[in-house]
Amino acid sequence: MTANAQTSQPGALTTVYEVKGMTCGHCESAVSSEISELAGVSSVQAEASTGKVTVVSAAPLDEAEVRAAVDEAGYELVGTTA
């Protein structure tokens, strides 16, 4: 899958991931908390209603690390959105 990446501020990369299983604010918080601990991440916005998680980082993230963070929160990373 290819990343839906765009620059939102100088030196920052925005990637949107699809996460399966989020249903409420607690879910959003759990996913956001785990992903925000990854090196280089400056912002995470999870939306349970759409399953989308928008991550702003200094550089492209290793999808395996993002997957591990989402797994740790108890959810499933589908991949990046097109």
Side-chain angles (χ1 to χ4, degrees):
M1 293 185 189
T2 59
N4 177 17
Q6 57 200 7
T7 324
S8 59
Q9 53 188 322
L13 182 70
T14 301
T15 308
V16 180
Y17 297 93
E18 183 178 347
V19 175
K20 196 185 242 183
M22 294 189 300
T23 60
C24 64
H26 173 73
C27 301
E28 294 170 346
S29 178
V31 170
S32 294
S33 177
E34 290 295 333
I35 294 175
S36 68
E37 293 180 15
L38 298 176
V41 172
S42 58
S43 171
V44 181
Q45 177 64 45
E47 295 179 46
S49 62
T50 63
K52 305 285 190 259
V53 180
T54 304
V55 180
V56 178
S57 57
L61 298 175
D62 180 340
E63 190 166 320
E65 290 181 8
V66 176
R67 184 174 305 282
V70 171
D71 286 349
E72 182 66 27
Y75 304 93
E76 179 186 344
L77 177 68
V78 176
T80 53
T81 62

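We number each residue from 1, following the sequence as shown.
- Follow the hydrophobic side-chain contacts under 4.5 Å out from Val16 and you never reach Val44; the two are in separate clusters.
- Counting all heavy atoms, side chain and backbone alike, Tyr17 lies closest to Thr81 at C-CG2, 4.2 Å.
- Under a 3.5 Å cut-off, the side chain of Glu28 and the backbone N or O of Ala48 do form a donor-acceptor pair.
- Between Ala73 and Glu34, the shortest heavy-atom distance links the atoms CB-CG, 3.8 Å.
- Residues Val78 and Ile35 do not share a hydrophobic cluster, defined by chaining ILVMFWY side chains whose heavy atoms lie under 4.5 Å apart.
- Hydrophobic clustering of Ile, Leu, Val, Met, Phe, Trp and Tyr side chains at less than 4.5 Å, counting indirect connections, unites Leu38 with Met22.
- At least one side-chain heavy atom of Val55 sits under 4.5 Å from a side-chain heavy atom of Leu61.
- Rounded to the nearest 0.5 angstrom, Gln45 CD and Ser36 OG are separated by 12.0 Å.
- Using a 4.5 Å heavy-atom threshold, the side chains of Asp71 and Leu77 count as separate.
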